[in-house]
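Each chain gets a letter, A, B and so on, in the order the sequences are listed, and its residues count up from 1.
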Amino acid sequence: MTDVLPVGERRQLAPPVDDSGVLGWIRKNLFSSWGNGITTVVLIFAVGWILAGFLDWAVLTANFTAASGSECRGYGACWALIREKYRYIFFGSFPYEQHWRPLFAVIAMLAMLVLSADRRMWNWRLLVIWGVGSFVTFLLMFGQIHIPLSLMLTVALILGGAGMSLRKLIAGAGEMNAYRALAAIGLAGLALRIAGVLPGWSLAIAPLDYVETSLWGGIPVTIILATYGLAFAFPYGVLLALGRRSNLPLIKGLCVGFIELIRGVPLISLLIMASVMLPLFLPSGTTIDKFLRAQVAVILFAGAYIAEVIRGGLQSLPKGQFEAADAMGLNYMQKTLLIILPQALRVVIPPLINTFIGFFKDTSLVLIIGIFDFLNTANQALVDPNWAGFPGEVYLFAAFVYFVFCYSMSRYSKYLEVELNKGTHR
Amino acid sequence: MAVEALGTASRAKVAPWNDPVVRGWVFQIVVVGLVAGLAWYLVSNTIENLARQKIASGFDYLGREAGFEIGDTMIEYSPASTYARAIWVGILNTLRVAVLGIILSTILGTLIGVGRLSPNWLLSKICEWYVEAFRNVPLLLWLFLFYKLISEAFPGPRQAIGALWNTVFLSNRGLYFPTPMADLIHKWMGVGLLVGILGAILLHRWARKRQDATGQPFPSISTGFGVALGLPILIWLAAGAPSTMSWPVLKGFNFEGGTVIQPEFTALLVGLVLYTSAFVAEIVRSGILALHKGQSEAAAALGLSRGLAMRLVLLPQALRVIVPPMTSQYLNITKNSSLAIAIGYPDLVASINVTINQTGQAIENILIIMAAYLSVSLSISAFMNWYNKRIALRER
């Protein structure tokens, strides 16, 4: 430090490289060093070569208007095939002139999902949205819905009972009486129904022709399997997760065994099991719809995975929350419903959406047991001998549709992660 | 003492239906009873149905002749073999694709994950789009796409593309290449390779100890490779270098001789590796990002190049974050290999599926599937847990 030169004689350093403006940005991000520069040039050539080839195939020499596959035998892509088959790919064997029904069913489900994505709806409105949305969807898909009296009574009993026990401390006298009345009507009605006093009557809503599930296909099937798979798996996944964290050894053992068993085997084996073993499990003579079997398998599978996601949320809660709830004298139900779950679920919403994306993709496996989901209808579009030999076009189109769905959901989950962490962000 | 007294005093007053311990046991017994009741209901239905449909039960069928062809086998198999053998062929095929898939997707995924963090904007964008493209489309779709591309884009065996002076043939039946004829010496070369690998590991340990003690480095990696590969070559030379080869030759409608990599296997492996490496890349990237920025800055301050800093400083630390989620990706590869059935690769599920169709004995076969996948999953988990413990930070 002693032999520092006087100010005037010190060697001047070169000024720092300008990294503002377009040129500066290019210099900083693409050509910061020799190695970087070479990488950039090689990548530009590689990407340019691939893109040029793809554009040439997909756009410049592509055929959009051919009337049959033989007219398409050029070099480029045959998008005319998609033009010809897109209705089959999207809606499967649903009666052709009725295709507006699955179209509006898909719109109803998408509206339901988009509305549920809005945080302002995360209260009683969510139930209304899903109730109305599901009703519209299945009415459009089936065309006719028969609601048996006993089902309505059961729902009344469950709603009343749940309201009475869950809102005991919060609800006013009027609301409480409404729950009591609901539960009483449900209970009395069910008792009379079992005793045979009330007839096996059912409410028929039948504005359209009935279309059975074997004719369903394409994008509505994929969305229904994924959405209702998750919706039904969610409550039982919560129960499994709570069971796994329970102090009761038998309950814990059952839940751990079930979760690990399901997570240890591939979905395909569950689907094969559902399609060949479910009929054996039930009393002879009962048949279950194939679609329902697949849905049951998806729900069983989804529940185990959701349980693990929720367990992560439960574990992330500090122990003080459990102890404080105990100290307040809350019982297990109150502690769980009022203190633990609201906090744990908030943490796991983004990973749950990622799980949902996984199921959305995994529903494609149902084609193994002969359900016509979106991937399967795309597959079937290739079978037509008039249009044979263009697998690339159809699969790229299907991949694009899947990508649009999954990518937008993953963006939403990223956004939500930031949004939900605002409270704890420093 | 006071607390104990309070505890016993309050316990004495509690009625049995208010005692949490009693309530817990009652609740558990009720739940277990319900589950057992459900199980009994299902089992009794099943027994009745099986009796009505005259389906045999038990594992006797395993010893009977399978009678179906399997296209791709690692061990001797013919339709005259038993069902047990057919299932074993399926298990081996599953394991082959799973092991190769795990190795390749780890390598590719790590490269892409590191590439996403590159200071080169173009490289990191390309890696990002690779990840997004493969993550957001079902694996099954990729498998179909690759399989159809391979089987439709390549010509039939008669017009096969010959390469390397017509010793390697590429057609829609697969890639045929010559291999050495089976020879007794191969067994000894295998033994030599194992001994060589063992020697290389010992050498590496010794080199490390020496560097710790004296600071002198020893090129143990290149010498290790030399030892491991040199020993079998020496054995081969000592045996007089037997070099009869089996050449692929077109006979009738297909090639005979040589070794073939079949299109189903290629499509499955490529699909699995590309799809899973996208997830692996995300895991690797988040593992590196989880490190404190000071680590990379300190490595740069020590004068390490980016590559050395990554290999010596960043990746070893990031491994601690990476290994647990990586385990579940490895399990996913193993389970996803069951999609093979959709493109006709004869894995475990495919063998079992044919067996179920031929024998009608669904329950036994499903049990075999579950047992096989559970044991593979559990062994992967056990291995990864052991590895995780080994690399975990040793805190004081």
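Contacts with chain A were tallied for L141(B), L378(B), L145(B), N365(B); L141(B) has the most, counting heavy-atom pairs under 4.5 Å. The residue among I352(B), I47(B), L122(B), N336(B) with the most heavy atom pairs within less than 4.5 Å of chain A is L122(B). When the candidates I126(B), L331(B), V349(B), I29(B) are compared by the number of heavy-atom contacts under 4.5 Å with chain A, I126(B) comes out ahead. Chosen from K148(B), M370(B), Q28(B), the residue pairing most often with chain A at heavy-atom distances under 4.5 Å is Q28(B). Heavy-atom pairs under 4.5 Å with chain B were tallied for L365(A), L270(A), L280(A), L43(A); the largest tally goes to L280(A). By number of non-hydrogen pairs under 4.5 angstrom with chain B, the leading residue of I26(A), L261(A), V404(A), L282(A) is L282(A). Taking chain B as the reference chain and counting heavy-atom pairs below 4.5 Å, the highest number among I268(A), L396(A), V276(A) is found for I268(A). Heavy-atom pairs under 4.5 Å with chain A were tallied for L339(B), V32(B), L50(B); the largest tally goes to L339(B).
Side-chain atoms of Y305(A) and D362(A), non-hydrogen and from C-beta on, never get closer than 4.5 Å to each other. In this structure, the side chains of P138(B) and Y402(A) come closer than 4.5 Å at one or more pairs of heavy atoms. Between L250(A) and W25(B), some side-chain heavy-atom pair lies under the 4.5 Å cut-off. With a 4.5 Å cut-off on side-chain heavy atoms, W121(B) and N36(A) do not count as touching. Between Q329(B) and E282(B) the shortest side-chain heavy-atom distance does not fall below 4.5 Å. The shortest side-chain heavy-atom distance between L274(B) and Y130(B) falls under the 4.5 Å cut-off. Side-chain atoms of F258(A) and I262(A), non-hydrogen and from C-beta on, do get closer than 4.5 Å to each other. Residues W57(A) and E393(A) meet the side-chain proximity criterion, which asks for heavy atoms closer than 4.5 Å.
For the residue pair T355(B)/Y61(B), the side-chain donor-acceptor check at 3.5 Å is not satisfied. Remark: the T276(B) side chain and the N332(B) side chain contain no N/O donor-acceptor pair separated by less than 3.5 Å.
Only the side chain of V47(A) comes within contact range of chain B, judged by heavy atoms closer than 4.5 Å. Contact annotation for L30(A): both backbone and side-chain heavy atoms come within less than 4.5 Å of a heavy atom of chain B. Neither the backbone nor the side chain of L348(B) has a heavy atom closer than 4.5 Å to any heavy atom of chain A. When heavy atoms are compared at a cutoff of 4.5 Å, N353(B) approaches chain A solely by way of its side chain, counted from C-beta outward. Only the side chain of M277(A) comes within less than 4.5 Å of a heavy atom of chain B; its backbone N, CA, C and O stay farther away. With a threshold of 4.5 angstrom between heavy atoms, V43(B) does not approach chain A through any atom at all. Within the 4.5 angstrom heavy-atom criterion, only side-chain atoms of S377(B), from C-beta onward, approach chain A. With a threshold of 4.5 angstrom between heavy atoms, F146(B) does not approach chain A through any atom at all. Neither the backbone nor the side chain of L267(A) comes within contact range of chain B; no heavy atoms are under 4.5 Å apart. Heavy-atom distances place the backbone of P279(A), and not its side chain, under 4.5 Å from chain B. The contact between I369(B) and chain A is made entirely by side chain atoms (from C-beta outward), counting heavy-atom distances below 4.5 Å. Heavy atoms of E48(B) lying under 4.5 Å from chain A belong exclusively to its side chain.
By the 30° and 60° cut-offs, the orientation of the rings of F301(A) relative to F359(A) is perpendicular. Using the six-membered ring where Trp is involved, F403(A) and W129(B) have ring planes that are tilted, between 30° and 60° apart.
Crowding of K252(A) atom NZ: a count of heavy atoms from other residues, nucleotides or ligands under 6.0 Å not exceeding 12.
Residue I283(B) holds its CD1 atom at 6.0 Å from OG of S328(B), rounded to the nearest 0.5 Å.
Within residues 367-383 of chain A, the residues having any heavy atom less than 4.5 Å from a heavy atom of chain B are, in residue-number order, L367(A), I368(A), L375(A), N379(A), L382(A).
Exactly one residue among I343(B), I150(B), L149(B), L268(B) makes a side chain to side chain contact (heavy atoms under 4.5 Å, CB included) with P263(B). That residue is I150(B).
Under the salt bridge (charged side-chain N to carboxylate O under 4.0 Å, His left out) criterion, E417(A) pairs with no residue at all, not counting sequence neighbours.
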